[in-house]
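Read the structure below first, then the notes.
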Amino acid sequence: MADLALVGLRWAASPIVKELLTKASAYLSVDMVREIERLQDTVLPQFELVIQAAQKSPHRGKLESWLRRLKEAFYDAEDLLDEHEYNVLKAKAKSGKGPLLREDESSSTATTVMKPFHSAMNRARNLLPGNRRLISKMNELKAILTEAQQLRDLLGLPHGNTVECPAAAPTSVPTTTSLPTSKVFGRDRDRDRIVKFLLGKTTTAEASSTKYSGLAIVGLGGMGKSTLAQYVYNDKRIEECFDVRMWICISRKLDVHRHTREIIESAKKGECPRVDNLDTLQCKLRDILQESQKFLLVLDDVWFEKSHSETEWELFLAPLVSKQSGSKVLVTSQSGTLPAAICCEQEHVIHLENMDDTEFLALFKHHAFSGAEIKDQLLRTKLEDTAEEIAKRLGQCPLAAKVLGSRLCRKKDIAEWKAALKLGDLSDPFTSLLWSYEKLDPRLQRCFLYCSLFPKGHRYRRGELVQLWVAEGFVCSCNLSRRTLEEVGMDYFTEMVSGSFFQLVPERLYSYYTMHDILHDLAESLSREDCFRLEDDNVTKIPGTVRYLSVHVESMQKHKKIICKLLHLRTIICINPLMDGASDLFDQMLHNQRKLRVLYLSFYTSSKLPESIGELKHLRYLNLVRTLISQMPRSLCTLYHLQLLWLNCMVERLPDKLCNLSKLRHLGAYPYYFHGFVDERPNYQVPNIGKLTSLQHIYVFSVQKKQGYELRQLRDLNELGGSLRVKNLENVIGKDEALESKLFLKRRLKELALEWSSENATDILHLDILEGLRPPPQLSKLTIEGYKSDTYPGWLLERSYFKNLECFELNNCSLLEGLPPDARLLRRCSRLHIKNVPNLKELSYLPAGLTELSIHKCPLLMFITNNELGQHGLEENVMKIDNLTSKLALMWDVDSGSCIRRALSEDCSSLKQIIMTLMDDDISKHLQIIESGLEEGGEKVWMKENIIKPWLFCHEQRISFIYGRAMEMPLVLPSGLCSLSLCSCSITNEALAICLGGLTSLRNLELKYNMELTTLPTKGVFEHLAKLDRLFVSGCLCLRSLGGLRAAPSLSFINCWDCPSLELARGAELVPSNLDRYLNIRGCILSADSFINGLLDLKYLSIDSCRSSPSLSIGHMTSLQSLHLVGLSDLYLVEGLSCLRLKFLQLVDVPNLTAKCISQFRVRVSLTVSSSVLLNHMLMAEGFRVPLNLYLLDCKEPSISFEDPANLSSVKCLQFLRCETESLPGNLKSLSSLESLHIGRCPNIASLPDLPSSLQRITIWDCPVLKKNCQEPDGESWPKISHVRWKSFLQIPHWLP
C-alpha cells in the first residue's frame, strides 16, 4: 500500500491531467498535441504499477518529488489556460457576440471535420504573446511526463505493463433513502439491554435528584456506536415511550450555543430561527421539553477529557426538564470519561464489545454482495471464501467492513478481492478506509479531500458542496450529453454516500450529511499540502503549497503576513463572520491572491464591494449572503469566469452589463428566515438576460416593453430549473412573442407560474398568449394568475399532456367558470388551489388523490343540500337581524370597527359578484354605500350604522338567493384529503357537515368569511375527524355555535377570529377538554366565565381585540405558559395570576389594568409591553424580576424611558417593534448584560444612543432613516455599532406582522 504522501498526490497523474491537456490542445500546435497524447498513452496507464514498485525501492523519494512537480505544473498550466480563456470571453463580451458554446453542446463530429482548420489556426496562435506562457508551461508539463519514462526504467518495469485506473464515476447511481439503516448485525442483545434501561422506571432517588438519567455507549472509533444508538433510537418501543426524541452530534468540541439550537431543531423537526441569545435558546428548549411527558436525547460522538470544562456541560444540559420522571440521555463516546452533568452512573456505561464472528461476517457480506445478483455460482463460491478471509482480518471494525464492502461490491471480480487481502493491517480501520479511498475515481478523490476544509461535525449541504466542487473544476466536463455539471456533481456525491463516505441525517424541512471523524482524519491527512483550516490565532505559518483555505478566526488582519505569502491560493471560505472590513480584505490580504476561484465571505462591517473585485479574473464562485454588501461595483461585470453569484437580500440592483457573464449558472439571493417565514428571493431584472444561457435559476422574470426585457429573452435559457414565475404578461403583444419564449423546451423546470398583473388586456389576447406559453410537460406545479378569458388554451384540453402535475393553481381568473374539462388532465394532482375565480359555478370533478384543497373568493360556488332548499325558516335563523346588529355594533366600539371593516371588506367582492348575477339595482346601491363607508374610515359614530345596515340588507338578499336555488350543490371531497380551506364561498351548515363527514385523514380545517354558517357540525361529525389537529375560523359574522367541536379527539390548535356572534359563555366547555397547545381568540365577545371549567392542559392563550367583562379568571389553567392580552379596553382585572408560572407574557394596549393586577404578573422568559409606563410599574412591584428577553411593541409614546436601568441589568435581548417613539432610552448603555438589540418598523427613530460593550448582534429592519445613519463609514451611528460582530439590515416583506 502506498504511503499517505503518495496517495495524496496520486490524482495528479490521473485522467484529470488528461482533461487539462485535452482543453489546452485547442491552443497548441499539432506536433505538441501528438507528443503529449503519446506520453499520456504510455505513462499514465502505468502509474499504479510505478507507485507499487517505488514503495519497495530506494527511489520512492524520486517518485514523490516527480508527483509534486507534476501537480505544481498541472496547477500552473490550469491557471494559464484559465487566463487565456478569460481573454477569449472578454473579447466576446466586448464584441457583443453571443455566448460561447457550452461544454455540453460540443460535437465530436464537428471537431473532426474542423481539425485541419484548427491546426493551421493553432500554429498562428503560438506566435501570439498571450499564448507563449501557456506553451512554455505545456512544454514543462511534457518534460515532466517524459521523466516518468525514465522513472519506469529506473524501477526496472517492463514496457507495456499496465494497471487499470479506477473506473470513472458512474453516470447513474442508486438513490439514497432518508430512512435509518435497515439492517443492523450482531447488536440485538446490546439494543435490548439499552432499551430495557431507557424504558425502565426511574427510582425514587433518581426522580428526586435529577431531571433525567444517562446511559453511555463507549467504544473505539468505527465500532458501530452511532449505528447502535440509531438502532435504539428508531426502535418502536422507544418511539412509543418517548413523545419527544432528539438526536445531535457533538463531534469533538462542545458548542453550547450551536448544539442547543440543534437540539431544538431536532425536537421540532424543523429549522430553529437564528437567535444569538443563549438564554433565549435555552428557554425555548425548556419550553419544548416541558410540554413533553418524557424525552430521549441522543448525544452522538461526545469527546470529554478531565481538562475540559464541566461548567459548559452543566450550562448546556440545564434546560433538560419534562413533565414526568423517566427522561433519558443516551451518549456515544470513545472515552469512558464523561461530564458529570450527563448523570451517567458507572453501571450505566456500556463498553461495546466485538461482534460475534458470524454476525461480523454477515455484516461484511451484506455490503460486499449488495447490488446485482451473481449468477455464476462458481464465482459466487470463490468470492464467499475470499470474503471470509477478508472479514477475519478486518479487526471486527464495522466501519471498515461497511466501507470496504461497499467498495468491493462495485467490482465482483476475484482478482480485485484477492488484492484486498494483500493490504497491510486490515484490523486498523485506517488501512481499509485508505484502500477504499484509493479505489475512488480521481475526481471523487479531489472532492473528498476538499471536505477537510470544513471542521469535524460540519453539516454538509449537498447542493452547496456540489456547487463548490463545480467552481473548483473538480467535476468532469467531458461527455456531458444533456446533463449539467451539477447533475454530474450530484452523482459524485451520491457515489460517495453509497460508499459510506457521507452519512445522511434526515430532517423534516431539510436534510444534511455528516462525515465520520475517522474519514475526516483521513481527508485531512491526505490534503495537508493543499487544504488548510485557519482556526487558531496562534498559527504562525501556513504551508506555501496551500491552495484552499477556510477561516474560522475573528480577524484575518492578525494573519495578514502569512496569508499574503499564499500566492497560489484558489479558495477562501469564511466559516464565521470576520471583523475585517471589505477594503481591508481586498486591498491588503487579497491584493496578491489573483488566482482565487472561490470566495465565500462573511463579515458585517461594510456595505460596498470594492471595485478591485474585478481583478480576480479566475473567480467562479462569489457568495456574499452573510455580509452587509448592498452595492455592487461595475467591475463585477468583468468576472467572465463567474459561475455562481449569491447575494444577500439587501442588494436591490445589479450592474447593467451583468449579461456579459456568459458562464453564470446561479444568480440570486439566499432566502432568509424571520419569525418562521421564508422571504421570496429578490426579483433581479438583468437586461438582456437571454445571453446568460447557462443560467439555471432566475425565479422571477418580469416582462417589460423596453429592449432587453422582452419575453423572448427566455428563448435560449433552456437550463432553467426549479421554479419560474413569469410576471406582467400584459406586456406581451401577441401569440408570436409568447411562442418565442419556447417555454416547452425548459425540460428542467419543475414549477411554473404565468401571471398577468393588469386588468386592461382583452380576453382574446390572453387566450392567444397562454396558448403560446405552452409549458414543458414534466411540470409538477402550474399556476395561472390574472387570466381574463373564459376558455382554456389547447394544451390544457389535452388529457395526457402533463406527465406528473401534482399541484394546479388558479388565481384571479375572472372569466373561467370551471376546471379544465377533462378530468384526466389532473389525474395525478394532489394539491388544488382556487382563489378569486368569481365566475366559478361548479366543481364538476375533483382528482381522486387530492390531499390539499383551498377555495377562496368563489362566491358563485354555493354549497347547499336538498333538505335546505326553500326552507325560509333556515333563512331567518341565519339572519336573526336584531341579534346580529347588536353584536356588530358592540364589536365596532372595540377598535373603531377595524375587525368588522376587515370582514366586510373581504365580503364586498363576493356581494358584487352576486349582484351581477341578480341584476338588482337596490342591492347595488346598498353595496356602494358600504364601499364608500369603508373607504372613508375614521371613527365617526354615524359610520357604524352607515356600513352595518346596508350590509345586513345585502346579506339578507344573498341568503334568500342561496336558499331559493332550484338545485342542491353538495361538496363531495376525496376521502384522503388532509387539508381543507374554504374562504368567501357560500356553504350552509348541513352542506359543511356532509362535506366533513368522511374526511378521516383531515388534519387542517380553515373556514374564513363564510357568512352563511351559523353553527359548526355536530358531535358525530367531529368524532370521526380523528386526525384533525388545527382549526382556523375567521370572519364568519353569523357563526353562533361551535357545535360538537368538543368531541374532536386530536385537536390541539384553535384560531377563532372576528366571529362577534359566537356564544362564548362558559366557552371553555365548548372546546375539547384535552386542547393543550394553542387557543387564539380575536374580535369576539367574552364573558366572565368564558374560561371557567376547562383548558387545564392549555399552554398558549391569546386574547386580542375582544369585548369582555371587567375581569377574567384563568387561575385554574395551571399549565399555561404563554399569555397574550392585546387590545382589551374593558379589562381591569385578571384573576388567579398567583397560580400561574408564565414563561411568555404580552400586555399590549390594555390601558385599564389596575396597578394591583399589574403587580401580580410573574414571567420567566419573555415580556412584551406597549408602554414604558406600564413596564416601570411592573419593575417597581415587589418580587418582580424582569426576564432576559424584553420587547416593546406598538408603543405610541413619543419617547421611551427606563427609569431604573439597574432593574434591567439582566436583560440580554431587547426589541423595539412598530413603535411611534422618536428616540430610544438614553441609558441603554447601562444594560450591562445586553447581547442582542432588534429594532423594526420604527420609522421615527433616527439615531442610536450609546450601547453597552456586551452587545454582540444588532438587527434593524424597515427603519430607513436609522438604517442610513448606521451605514459605514459616514453614518452618524456607525461608530456606535462598528464593534458589533453580527449586524443585519433587512427589508421584511410587507405581509409580515
For the pair [X] (side chain) and [Y] (backbone), establish whether a donor and an acceptor sit closer than 3.5 Å, ignoring hydrogens and angles.
X       : Y       : value
Arg626  : Asn623  : no
Asn648  : Ile629  : yes
Ser1277 : Lys1280 : no
Asn1227 : Phe1202 : yes
Thr1221 : Ser1223 : yes
Asn1152 : Leu1131 : no

Taking the side chain as everything from C-beta on, heavy atoms only, tell me whether [X] gets closer than 4.5 Å to [Y].
X       : Y       : answer
Lys1212 : Leu1234 : no
Leu1192 : Gln1215 : no
Ile1239 : Ile1245 : yes
Leu1167 : Phe1184 : yes
Cys1157 : Tyr1132 : no
Leu624  : Val651  : no
Phe1216 : Cys1195 : no
Ser1209 : Ser1232 : yes

[X] and [Y]: side-chain donor and acceptor closer than 3.5 Å?
X       : Y       : answer
Glu464  : Tyr600  : yes
Ser981  : Glu1006 : yes
Asn728  : Ser757  : yes
Ser1170 : Asp1194 : no
Ser1108 : Asp1130 : no
Glu1197 : Ser1172 : yes
Asn1269 : Ser1247 : no

Please test Glu809 against Asn811 for side chain to side chain contact (heavy atoms under 4.5 Å, CB included), starting from the C-alpha separation and ending with a verdict.
CA-CA 6 Å; Glu809 293 186 2; Asn811 188 359; 5.9 Å; no
Distance in Å, [X] [atom1] paired with [Y] [atom2], rounded so as to fall on 0.5 Å steps:
X       : Y       : atom1 : atom2 : value
Leu609  : Met632  : CG    : CE    : 5.0 Å
Gln1146 : Ser1166 : CD    : OG    : 8.5 Å
His1238 : Tyr1191 : NE2   : OH    : 7.0 Å
Leu1237 : Ile1258 : CG    : CD1   : 4.5 Å
Asp1149 : Ser1129 : CG    : OG    : 7.5 Å
Leu1179 : Ser1159 : CG    : OG    : 12.5 Å

Which pair of heavy atoms, one from [X] and one from [Y], lies closest together, and at what distance?
X       : Y       : result
Leu1142 : Arg1162 : CB-O, 3.6 Å
Leu667  : Tyr699  : O-CE1, 4.1 Å
Leu628  : Ser1288 : CD2-CA, 3.9 Å
Tyr1078 : Leu1098 : N-CD1, 3.7 Å
Leu599  : Ile613  : CD2-CD1, 4.2 Å
Ser854  : His833  : OG-ND1, 2.6 Å

Chi angles and distances behind the side chain to side chain contact (heavy atoms under 4.5 Å, CB included) call for Asn1207, Val1186
CA-CA 7 Å; Asn1207 289 332; Val1186 67; 5.7 Å; no
So that I can tick it off, tell me whether [Y] and [X] are bridged by a salt bridge, with the cut-off set at under 4.0 angstrom between side-chain N and carboxylate O.
X      : Y       : value
Arg258 : Glu262  : yes
Arg459 : Glu265  : yes
Glu906 : Lys1008 : no

Would you find more than 12 non-hydrogen atoms of other residues, nucleotides or ligands less than 6.0 Å from Arg653 atom CZ?
no
Using a 6.0 Å cut-off, check whether atom CZ of Arg1141 has over 12 heavy atoms from anything other than its own residue.
no
What's the verdict on side chain to side chain donor-acceptor pair (under 3.5 Å) for Ser1034 and Asp1058, showing C-alpha distance, side-chain angles and the deciding distance?
CA-CA 6 Å; Ser1034 176; Asp1058 303 337; 4.6 Å; no
Can you list the steps and then say if Leu315 with Gln282 is a side chain to side chain contact (heavy atoms under 4.5 Å, CB included)?
CA-CA 9 Å; Leu315 177 64; Gln282 291 204 319; 3.8 Å; yes
Taking the ring centre of each residue, are Tyr1100 and His1124 less than 6.0 Å apart?
yes
Starting from the C-alpha separation in whole Å, work towards a yes-or-no answer on side chain to side chain contact (heavy atoms under 4.5 Å, CB included) for Met1117 and Leu1101.
CA-CA 10 Å; Met1117 298 164 63; Leu1101 174 63; 3.8 Å; yes
Is the Lys NZ or Arg CZ of Lys727 less than 6.0 Å from the centre of Phe701's six-membered ring, within 45° of the axis?
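Not satisfied by the 6.0 Å and 45° rule.
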Arg1077 charged N/C atom sitting above Phe1053 aromatic ring, 6.0 Å / 45°:
no
